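Remarks on the structure that follows.
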There are 2 protein chains.
Amino acid sequence: MTADHVFTALASPARRELLRLLLDEGVQPAGRLAERFDMSRPSVSEHLKVLKDAGLVAETRRGRERLYRLEAAPLMEIRDWLSPYERFWRDRIGGLSDLLDEMEDEEDA
Amino acid sequence: MTADHVFTALASPARRELLRLLLDEGVQPAGRLAERFDMSRPSVSEHLKVLKDAGLVAETRRGRERLYRLEAAPLMEIRDWLSPYERFWRDRIGGLSDLLDEMEDEEDA
DNA sequence: ACTATATGTAGGATTTTCCCTACATATCAA
DNA sequence: TTGATATGTAGGGAAAATCCTACATATAGT
């Protein structure tokens, strides 16, 4: 459930696709999700486990199937991690921070 | 330089730390960056290469050293990827989308 | 030219990830 | 109870990531 787990979970295209499916199509049982992949069902199940450990999905048991739903909250951590960088690429267009960076660099020149 | 490369690059704590150092302290030569890590200098060099391939850093040669600078633009892609999920976790507090998700789920009930 | 410095690359050992095929478990339906 | 369905887990093999120690290359300084 740490930020590290979240970054790791997002590193896999298959897992990002799982999140997308849950976002676009809502809660679904594991089997229905697995159908969409060019991969064995147990492998998809493993990916779901990684997502669950990262807190990105939650499961609810309904009869013999398990419904997975998106838990987007951990993505807030990614957003928070990202935000300090926004300033940087916004300013680069103006070129001001470029100048500042150059000056900073002169420290060891 | 694809989004996939960026996600992969961000999956490593060492590489995220490199980005943070460049953000907080500005342009630096490879050696000064490597000093901060509990890891061999060549390993840090490899991490820098991964970041460079992802477009997250750029290098400039100055004499015998290579200055690395942050290139935050690819992080915009991450931000874009993230944005569709914002709606989701914002709404969950109100509980409205929970209801909608439940309804969507009833499709196959 | 010669030595020291800054850095990337090669090659390899270890660990981790990814994906598969069995198999176990639980539930549903007759 | 019996058989089918839905799903997770075990075990293992192949591929990729990670990190290391040499080594090669280029520049700086004397």
Side-chain angles (χ1 to χ4, degrees), chain A residues 2 4-19 21-22 25-69 105-109, chain B residues 2-19 21-22 25-70 105-109:
Chain A
T2 76
D4 200 271
H5 289 351
V6 181
F7 274 111
T8 300
L10 295 182
S12 155
R15 290 192 289 266
R16 291 198 301 276
E17 176 67 7
L18 280 168
L19 294 179
L21 286 169
L22 292 175
E25 306 174 2
V27 177
Q28 292 179 57
R32 183 132 62 96
L33 288 166
E35 285 172 5
R36 313 295 202 83
F37 290 83
D38 200 21
M39 180 190 309
S40 75
R41 185 195 52 73
S43 294
V44 175
S45 181
E46 286 287 344
H47 282 303
L48 284 169
K49 186 179 184 178
V50 173
L51 290 171
K52 196 174 75 177
D53 291 345
L56 286 164
V57 304
E59 78 183 19
T60 310
R61 310 175 70 141
R62 183 180 64 179
R64 60 188 156 182
E65 53 189 11
R66 301 202 188 177
L67 302 179
Y68 283 88
R69 66 173 181 280
D105 174 43
E106 295 309 313
E107 282 170 20
D108 76 316
Chain B
T2 75
D4 200 90
H5 289 349
V6 181
F7 274 111
T8 300
L10 295 181
S12 155
R15 289 191 291 264
R16 291 198 301 276
E17 177 67 6
L18 280 168
L19 294 180
L21 287 169
L22 291 175
E25 306 175 1
V27 175
Q28 292 178 59
R32 182 132 61 95
L33 288 166
E35 283 172 6
R36 315 295 201 83
F37 290 84
D38 200 21
M39 181 190 308
S40 76
R41 184 196 52 74
S43 295
V44 175
S45 180
E46 286 286 345
H47 282 303
L48 284 169
K49 186 178 185 179
V50 173
L51 289 171
K52 196 174 76 174
D53 291 345
L56 286 164
V57 304
E59 80 183 18
T60 308
R61 311 176 71 141
R62 184 180 63 179
R64 59 186 158 185
E65 51 189 12
R66 300 202 188 177
L67 303 178
Y68 283 88
R69 66 173 180 279
L70 180 64
D105 174 45
E106 295 307 314
E107 284 172 17
D108 77 315

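Since this is a predicted model, take the numbers as computed values, not measurements. Here is the naming used below: chain letters follow the sequence lines, and residue numbers restart at 1 for every chain.
- Rounded to whole angstrom, the span from the CD atom of E65(B) across to the P atom of dG29(D) amounts to 10 Å.
- Judged by distance alone, with hydrogens and angles left aside, R64(B) brings no side-chain donor or acceptor close enough to the base of dG29(D) to form a pair under 3.5 Å.
- Side-chain N/O atoms of Y68(A) include none lying less than 4.0 angstrom from OP1 or OP2 on dA6(D).
- Residue-to-nucleotide proximity on DNA chain C shows that, of R66(B) and S12(A), the 5′-proximal contact is made by R66(B).
- Between S40(B) and dC19(D), a side-chain N or O to OP1/OP2 separation shorter than 4.0 Å is absent.
- When rounded to the nearest whole Å, the span between CG of D53(B) and C1' of dT9(C) equals 14 Å.
- As a whole-Å value, the separation of R41(B) CZ from dG8(C) P is 7 Å.
- The side chain of M39(B) has dC19(D) as its nearest neighbour among dA6(C), dC20(C), dC19(D).
- Residue Y68(A) forms a side chain to side chain donor-acceptor pair (under 3.5 Å) with just one option from Q28(A), R32(A), K52(A), E59(A), and that option is E59(A).
- Within the model, atoms NZ of K49(A) and OG of S45(A) stand 8.5 Å from one another, a figure rounded to the nearest 0.5 Å.
- In this entry the distance linking CD of E59(B) with P of dT27(D) reads 13 Å, nearest Å.
- Taking for each of R15(A) and P42(A) the nucleotide of DNA chain C with the nearest heavy atom, the 5'-most of the two is the partner of R15(A).
- Within the structure, every side-chain polar atom (N or O) of R32(B) is placed at least 4.0 Å from both OP1 and OP2 of dA6(C).
- dT7(D) atom P lies 10 Å from atom CZ of R62(A), rounded to whole Å.
- R41(B) contributes atom CZ, which lies 10.5 Å from atom CG of L48(B) (distance to the nearest 0.5 angstrom).
- Taking atom CG of L18(B) as the reference point, atom C1' of dC19(D) lies 14 Å away to the nearest angstrom.
- Within the structure, every side-chain polar atom (N or O) of S43(A) is placed at least 4.0 Å from both OP1 and OP2 of dC18(C).
- Taking only side-chain nitrogens and oxygens, H47(A) comes nearer than 4.0 Å to OP1 or OP2 of dC19(C).
- Separating the CD atom of E46(A) from the P atom of dG11(D) is a distance of 13 Å, rounded to the nearest angstrom.
- Annotation: the span from L22(B) atom CG to L56(B) atom CG amounts to 10.5 Å, rounded to 0.5 Å.
- One can place CG of L67(A) at 18 Å from P of dA26(C), the figure rounded to the nearest angstrom.
- Checking side-chain atoms of R15(B) against main-chain N and O of L10(B) turns up no donor-acceptor pair under 3.5 Å.
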